[in-house]
*Asks:* 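I am attaching a structure below and will ask some questions about it afterwards.
Residue numbering restarts at 1 for every chain, and letters A, B, ... go by the order of the sequence lines. The structure displayed is predicted, hence computed values, not measured ones.
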2 protein chains.
Amino acid sequence: MTVSKIKELVIIPETLPTISVDCVIFGYEENKLKVLVRREFVPFNDEVFLEWKLPGNHVRRNEELCETAARILKEQTGLENIFVKQFLVFSDPNRLKRRERDYEWVKPRIQDERVITVGFYSLVNVIDVDNSTLVEDANWANAYEIKDLMFDHNEIFDEAFKKLRYDLLHEPLAFELLPEKFTLTQMQKLYEAIFNTTYDKRNYRRKVNKMSYLIPLDEIQTGVSHKPARLYSYDREIYEKTRTERFDFRV
Amino acid sequence: MTVSKIKELVIIPETLPTISVDCVIFGYEENKLKVLVRREFVPFNDEVFLEWKLPGNHVRRNEELCETAARILKEQTGLENIFVKQFLVFSDPNRLKRRERDYEWVKPRIQDERVITVGFYSLVNVIDVDNSTLVEDANWANAYEIKDLMFDHNEIFDEAFKKLRYDLLHEPLAFELLPEKFTLTQMQKLYEAIFNTTYDKRNYRRKVNKMSYLIPLDEIQTGVSHKPARLYSYDREIYEKTRTERFDFRV
DNA sequence: ACAAAAGTGTTTTGGGTACACCCATGT
DNA sequence: ACATGGGTGTACCCAAAACACTTTTGT
């Protein structure tokens with residue numbers, strides 16, 4: 001049996017040795033911005049440390065990086081067809097060796113001591129995530145209270161958050177985190193959660209009312225004990241047709 | 001003699017097999033935006049094709065990606081301490097195989113058929129480049145007339161140009177392309193070259209006069225056959241102290 | 001009736017944009 | 001004297017920001 005024959009039979013496809021993808025998965029739930037972190041038990045010096053890291057994985061030989069990111073997302077949340085976006089590459093030759101116990105933990109999991117990682121971020125609506133498909137060691141942490149993460153993952157998170165905020169002002173990303181039909185107040189609260197601020201309701205509405213791709217539906221909220229709000233939906237086609245270079249989503 | 005002993009003696013350090021850096025080196029000369037491209041002679045089917053590509057290189061085992069980019073810049077232009085910035089990763093598994101003759105050419109130069117490349121861009125003032133240190137096969141091409149490049153390099157160039165324009169509106173990058181002391185008209189012409197447009201002189205000046213880190217010097221142009229212009233310099237420290245999240249360089 | 005969120009207009013302020021003439025220098 | 005680019009001010013319009021009350025529903 002040749003080596004290539006053996007390779008074909010191996011279930012886990014071959015991965016590239018010195019490159020990986022790490023994902024910052026942002027979630028939105030109860031007007032709060034969350035981030036998915038994974039718990040790991042790290043044995044070191046006869047102790048076991050409870051640590052947290054971002055989900056990540058190796059890149060398979062025949063996949064694009066965004067496919068790696070989509071795969072990580074599926075593994076962690078069960079969701080498919082989710083928006084993912086690369087934001088920065090982290091290439092410090094010592095990035096895995098900043099704390100000895102982290103490196104001891106990761107050593108048997110990598111093929112080369114040098115691993116360059118490409119950071120991706122992703123947006124999911126937490127209510128779409130079936131808690132049974134969320135892997136057991138995953139946890140939705142408050143984005144404003146991220147604890148110490150392993151390796152350079154705090155840095156990766158910080159860069160992802162910066163990029164998320166920038167992109168939200170320049171692309172219609174918010175609709176990845178909103179339900180199909182949403183109220184303007186829901187949209188406003190989402191921006192407030194991500195930018196950690198508050199906006200004036202009237203000014204906010206004046207601004208978003210200029211967006212032709214925000215479609216007011218002939219439908220209102222039901223089951224709320226106050227005046228029901230009008231529902232809106234996002235029309236991607238209108239956005240694609242009418243977008244201009246300089247447009248931004250700032251309010 | 002052990003393998004590791006041999007490795008120590010090899011002059012060219014070991015490089016990572018599946019990752020490379022490609023550089024889009026922007027230059028500015030005579031109010032024109034240029035890009036450095038390399039000429040390659042590509043033998044294929046008993047013919048020799050003259051082709052062009054972006055400069056690139058493998059990543060050494062102990063260097064950060066930005067060090068790889070700086071090394072490429074030094075090799076191509078002789079310049080050191082130049083601004084470089086990563087902008088996007090290109091990971092199409094077939095990116096080297098889009099044209100058969102390109103792949104035949106590159107095959108003996110790579111360690112693995114799959115190479116993911118990280119795009120960096122860089123800014124140099126072409127008059128700083130000694131033509132004797134510019135490598136022979138390099139050429140400053142007009143950024144608006146880029147010919148067919150090898151592999152996915154047209155795509156890499158397009159993305160670099162997009163990112164350059166974005167960054168120029170949000171960071172004080174222009175000063176990387178301007179001489180130490182410059183006139184406001186020189187600065188305006190630079191933006192006009194990069195954005196391929198023209199601006200109103202009075203409005204442009206009103207805008208840049210609000211930038212506290214643009215220092216008017218007690219010095220004017222000499223040797224020009226018209227009213228000599230005032231010279232300005234850029235004060236990085238003032239910029240760092242006074243920059244705000246939302247500021248932009250749009251005019 | 002009350003609680004809770006929806007929905008709506010006006011004023012002020014500052015920035016963007018459009019536009020034309022005189023000035024200082026070298027030849 | 002002339003050619004060349006340097007340098008300046010004003011008017012209009014629109015967007016940003018600050019600000020408070022009425023409406024509709026469920027309980």
Side-chain angles (χ1 to χ4, degrees), chain A residues 30-32 165 168-170 178-179 181-193 195-212 214-233 242-251, chain B residues 30-32 165 168-170 178-179 181-193 195-212 214-233 242-251:
Chain A
E30 295 167 4
N31 297 341
K32 294 269 194 306
R165 286 179 166 179
L168 263 179
L169 298 180
H170 296 81
L178 288 167
K181 299 169 179 182
F182 52 88
T183 70
L184 295 186
T185 300
Q186 285 174 325
M187 184 171 164
Q188 181 177 343
K189 294 256 184 257
L190 170 63
Y191 274 84
E192 289 179 344
F195 290 96
N196 202 24
T197 183
T198 57
Y199 301 111
D200 178 87
K201 192 173 25 161
R202 280 167 293 191
N203 292 338
Y204 189 88
R205 282 164 187 246
R206 189 181 3 264
K207 177 94 180 199
V208 300
N209 270 326
K210 274 179 272 176
M211 302 175 178
S212 59
L214 260 193
I215 312 295
L217 303 174
D218 287 330
E219 210 173 327
I220 54 173
Q221 275 182 317
T222 53
V224 288
S225 72
H226 54 75
K227 176 170 174 178
R230 176 174 294 278
L231 294 172
Y232 288 74
S233 71
T242 60
R243 87 226 210 71
T244 62
E245 262 321 297
R246 287 196 171 187
F247 186 81
D248 77 54
F249 286 75
R250 283 185 266 189
V251 285
Chain B
E30 295 167 4
N31 297 342
K32 295 268 193 309
R165 285 179 167 179
L168 263 179
L169 298 179
H170 296 81
L178 289 167
K181 300 169 180 181
F182 52 87
T183 70
L184 295 185
T185 300
Q186 284 174 324
M187 184 171 165
Q188 180 177 343
K189 294 254 182 261
L190 170 62
Y191 275 84
E192 289 178 345
F195 290 96
N196 201 25
T197 184
T198 58
Y199 301 111
D200 178 87
K201 193 173 23 163
R202 279 168 294 189
N203 293 338
Y204 190 89
R205 281 163 190 248
R206 189 182 3 264
K207 178 92 181 198
V208 300
N209 269 327
K210 273 181 273 176
M211 303 176 178
S212 59
L214 260 193
I215 312 295
L217 303 174
D218 287 330
E219 210 173 326
I220 54 174
Q221 277 181 316
T222 54
V224 288
S225 72
H226 54 75
K227 177 172 172 178
R230 176 174 296 277
L231 294 172
Y232 287 74
S233 70
T242 61
R243 88 226 210 71
T244 61
E245 262 321 295
R246 288 196 170 186
F247 186 80
D248 76 53
F249 286 75
R250 284 185 264 190
V251 286

*Asks:* Take the protein atom NZ of B/Lys189 and the nucleotide atom C1' of D/dG6, then report the distance between them rounded to whole Å.
*Replies:* 12 Å

*Asks:* Specify the separation, in whole Å, of atom CZ of A/Arg230 and atom P of D/dT24.
*Replies:*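 So the two atoms are 13 Å apart, to the nearest Å.
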
*Asks:* For the side chain of A/Asp200, starting at C-beta, report the closest nucleotide among D/dC19, D/dT25, D/dA15.
*Replies:*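 Among the listed nucleotides, the one closest to the side chain of A/Asp200 is D/dC19.
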
*Asks:* Which of the following nucleotides, D/dG5, C/dC19, C/dT27, is nearest to the side chain of B/Asn203?
*Replies:*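 Taking heavy atoms from C-beta onward, the closest nucleotide is C/dC19.
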
*Asks:* Looking at every heavy atom in both A/Lys181 and A/Gln186, which two are closest together, and how far apart are they?
*Replies:*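 Smallest interatomic distance, heavy atoms only, reads O-OE1, 4.3 Å.
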
*Asks:* Let me know which of A/Leu178, A/Leu214, A/Ile215 forms a side chain to side chain contact (heavy atoms under 4.5 Å, CB included) with A/Ser233.
*Replies:* A/Ile215

*Asks:* How close do B/Phe182 and B/Met187 get, heavy atom to heavy atom, and via which atoms?
*Replies:*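 Smallest heavy-atom distance, with atoms named: CE1-SD, 4.1 Å.
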
*Asks:* Over how many whole Å does the gap from B/Ile220 atom CD1 to D/dG6 atom P extend?
*Replies:*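 Between P of D/dG6 and CD1 of B/Ile220: 12 Å.
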
*Asks:* Evaluate the side chain to side chain donor-acceptor pair (under 3.5 Å) criterion for residues B/Asn203 and B/Arg206: first the C-alpha distance (whole Å), next the side-chain angles of each, then the deciding distance (0.1 Å), finally the verdict.
*Replies:* CA-CA 5 Å; B/Asn203 293 338; B/Arg206 189 182 3 264; 2.6 Å; yes

*Asks:* Can you check the B/Asn209 CG to D/dG9 P distance for me, whole Å?
*Replies:*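 Answer to the nearest Å: 11 Å.
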
*Asks:* Give a yes or no answer on whether the side chain of A/Tyr191 reaches the backbone of A/Asn196 with a donor-acceptor pair at less than 3.5 Å.
*Replies:* no

*Asks:* Need one value for A/Arg205: base, sugar-phosphate or nothing, where a base atom within 4.0 Å counts as base even if backbone is also close, heavy atoms only.
*Replies:* base

*Asks:* Between C/dA20, D/dA20, D/dG7, spot the one nearest the side chain of B/Lys201, thanks.
*Replies:*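 Looking only at side-chain atoms, B/Lys201 lies closest to D/dG7.
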
*Asks:* Under 4.0 angstrom, heavy atoms only, what part of the nucleic acid is B/Thr183 near: base, sugar-phosphate, or nothing?
*Replies:* nothing

*Asks:* Let's see if you can work this out: which of C/dA5, C/dT8, C/dA24 has an atom nearest to the side-chain heavy atoms of A/Arg202?
*Replies:* C/dT8

*Asks:* Would you say a side-chain N or O of B/Thr185 is under 4.0 Å from OP1 or OP2 of D/dG6?
*Replies:*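 Answer yes for this pair, as a side-chain N or O of B/Thr185 is under 4.0 Å from OP1 or OP2.
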
*Asks:* Tell me what A/Arg206 touches on the nucleic acid: a base, only sugar-phosphate, or nothing, going by heavy atoms under 4.0 Å.
*Replies:* base

*Asks:* Measure the distance from CD on B/Gln221 to C1' on D/dG7 and round it to the nearest whole Å.
*Replies:*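 The answer, rounded to whole Å, is 12 Å.
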
*Asks:* Nearest to the B/Ala229 side chain among D/dG6, C/dG16, C/dA5, which nucleotide is it?
*Replies:*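 Nearest to the side chain of B/Ala229 among the choices is D/dG6.
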
*Asks:* So which nucleotide from D/dT4, C/dT25, D/dG26 ends up closest to the side chain of B/Pro228?
*Replies:* C/dT25

*Asks:* Starting at OH of B/Tyr199 and ending at P of D/dG6, how long is that distance when rounded to a whole Å?
*Replies:*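 Whole-Å distance recorded here is 17 Å.
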
*Asks:* Between A/Gln186 and A/Ser225, just flag the one whose closest nucleotide in DNA chain C comes earlier from the 5' side.
*Replies:*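 Checking each residue's closest nucleotide, the 5'-ward one belongs to A/Ser225.
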
*Asks:* Rounded to the nearest Å, what distance is computed from the NZ atom of residue A/Lys207 to the C1' atom of nucleotide D/dA15?
*Replies:* 8 Å

*Asks:* Mind calculating the distance between NZ (B/Lys227) and P (C/dT25) to the nearest angstrom?
*Replies:* 8 Å

